[in-house]
Amino acid sequence: MATSSTAAQTGPNTPSDSLPEHLTLADRVGLLRAMLLMRTIEERAMNLYRQGKVPGSFYDGFGQEAVSVGPAWAMAAADRLCPLHRDLGAHLVRGVAPWRIMSQYMGREAGITHGRDGNVHFGDYRTGCVGMVSMLPDMMLVATGMAMAFKLRSEQRCALSWFGDGSTSRGDFHEAMNWAGVQHLPVIFVLENNQFAYSTPLHQQFAVNPVERAEGYGFLGTSVDGNDAEAMFEATRAARARALEGGGPTLIEAVTMRMHGHAAHDDMKYVPKALFDEWRAKDPIDRQSARVAAQGVDVDALKAEVREQVEQATQKALEGEMPDPATATERVFHPRDAEEILLEDGTAPWSGFQSETSSGGHRSR
Ligand SMILES: Cc1ncc(C[n+]2csc(CCOP(=O)(O)OP(=O)(O)O)c2C)c(N)n1
Ligand SMILES: [Mg+2]
């Protein structure tokens, strides 16, 4: 059932630049805008980190923006998402406003965790995104559990979890894959194969491409060009449609490359220059820019607009208050007598959802 065994070693599949069946021009521009927003926010935040304004460390998804943006674009408002540390694009697509992301990074009260965590462990429950569990890849189990609930309640919904190549060596990966396969759950696993887990290259991580393992657990595994937002969208759209029809889980391997260090402190000297150069030529934003420019879209104007948006978001976040230290122990655990907090629906911008009542609209959180 698995469709590729070599992509992880050799780079992405041949990109498909034919007109996509399920995307309007507005969708294609939306994918580009979300990727630009992610990159511009992360570049600006790295700059703030170097100025000492972002505490802790700083992790980003430079070069792999299509991996979070493409799949998130394919998910409905009532679906549930478990983004990881390089998946800012998913939060943005679901409707989190850039100034709140910047506030989160800088530990401000207006951030998603109100200053309780930095640039990685957060998720706005009002967008249907679960806050990241640090132990990798526990989010696969969280997504599997949510899909189990959808099945038990006979709900037409799907859960999606991202995770890295390093995660595939952990027991949790196998537990989630097994239960999802046994129960035939509506869950999508997006494996971000970015060639490294910190400094560990693929050949030291696994002897068999993990996309092949899906077959062993009884479901489809497919390898996709992770630097192609439209291909990532399409693979996820198809996986979701199959899941809702009772077709069970899908493992989507997004073949990509981590173009920055593991985090801000890492100079990635262990990455061969030739490999880096090879992937630099496959930049997902350049690719999507060329596509929409060919359709007459003014990409330079779009880039300028996004830069301006991020600058305003940064200024707003910088003006925001720090949390009161006296409240540091609050909002860490859910108080027993407090009102129940349930995940809410997020934004689902794909044109295919516009006629559905569950689309959730285009509000920004
Ligand atoms: C169980 C566990 N071990 C170690 C870590 C620390 N850690 C955080 S990210 C990371 C690298 C993970 O690599 P990969 O899964 O390939 O994801 P990538 O960072 O490449 O996106 C490590 C070791 C962790 N969070 N959880
Ligand atoms: Mg990795």
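Whatever order the structure lists ligands and atoms in, that order sets their numbers, starting from 1. In this text the structure is predicted, and so the values were computed from the model without any measurement. Index from 1, following the sequence.
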Inset, instruction - Evaluate the side chain to side chain contact (heavy atoms under 4.5 Å, CB included) criterion for residues Val211 and Thr222: first the C-alpha distance (whole Å), next the side-chain angles of each, then the deciding distance (0.1 Å), finally the verdict. - result: CA-CA 6 Å; Val211 74; Thr222 179; 5.5 Å; no
Legend entry - Tyr105-Phe58 aromatic ring centre distance below 6.0 Å: yes
What are the polar N/O contacts of ligand 1 with the protein below 3.5 Å, with distances?
from: ligand 1; atom 1: 15 (O); to: Gly166; atom 2: N; distance (Å): 3.1
from: ligand 1; atom 1: 15 (O); to: Ser167; atom 2: N; distance (Å): 3.3
from: ligand 1; atom 1: 16 (O); to: Asp165; atom 2: N; distance (Å): 3.3
from: ligand 1; atom 1: 16 (O); to: Asp165; atom 2: OD1; distance (Å): 3.2
from: ligand 1; atom 1: 16 (O); to: Asp165; atom 2: OD2; distance (Å): 3.2
from: ligand 1; atom 1: 16 (O); to: Gly166; atom 2: N; distance (Å): 2.9
from: ligand 1; atom 1: 16 (O); to: Phe196; atom 2: O; distance (Å): 3.2
from: ligand 1; atom 1: 19 (O); to: His85; atom 2: NE2; distance (Å): 2.8
from: ligand 1; atom 1: 19 (O); to: Arg86; atom 2: NE; distance (Å): 3.3
from: ligand 1; atom 1: 19 (O); to: Arg86; atom 2: NH2; distance (Å): 2.8
from: ligand 1; atom 1: 20 (O); to: Asn194; atom 2: OD1; distance (Å): 3.0
from: ligand 1; atom 1: 20 (O); to: Asn194; atom 2: ND2; distance (Å): 2.9
from: ligand 1; atom 1: 20 (O); to: Phe196; atom 2: O; distance (Å): 2.9
from: ligand 1; atom 1: 21 (O); to: Arg86; atom 2: NE; distance (Å): 3.0
from: ligand 1; atom 1: 21 (O); to: Asn194; atom 2: ND2; distance (Å): 3.3
from: ligand 1; atom 1: 25 (N); to: Ser134; atom 2: O; distance (Å): 2.9
from: ligand 1; atom 1: 26 (N); to: Leu136; atom 2: N; distance (Å): 3.2

Legend entry - Distance-only side-chain donor-acceptor flag, Glu311 / Gln315, under 3.5 Å: yes
Inset, instruction - Apply salt bridge (Lys or Arg N to Asp or Glu O under 4.0 Å) to the pair Glu109 and Arg331, showing each step before the final yes or no. - result: CA-CA 12 Å; Glu109 177 64 29; Arg331 292 168 160 164; 2.8 Å; yes
Legend entry - Salt bridge flag under 4.0 Å for residues Glu278 and Lys282: yes
Legend entry - Sole residue of Asp60, Asp286, Asp283 in salt bridge (charged side-chain N to carboxylate O under 4.0 Å, His left out) with Arg39: Asp283
Inset, instruction - Look at Asp27 together with Arg33 and state whether they make a salt bridge at an N to O cut-off of under 4.0 Å. - result: no
Inset, instruction - Could you tell me whether the side chain of Arg213 and the main chain of Thr168 form a donor-acceptor pair under 3.5 Å? - result: yes
Legend entry - Passing candidate, side-chain contact (heavy atoms from CB on, under 4.5 Å) with Leu92, options Thr347, Thr127, Leu37: Leu37
Legend entry - 2.8 Å cut-off (strict), protein N, O or S atoms about the Mg ion (ligand 2): 3
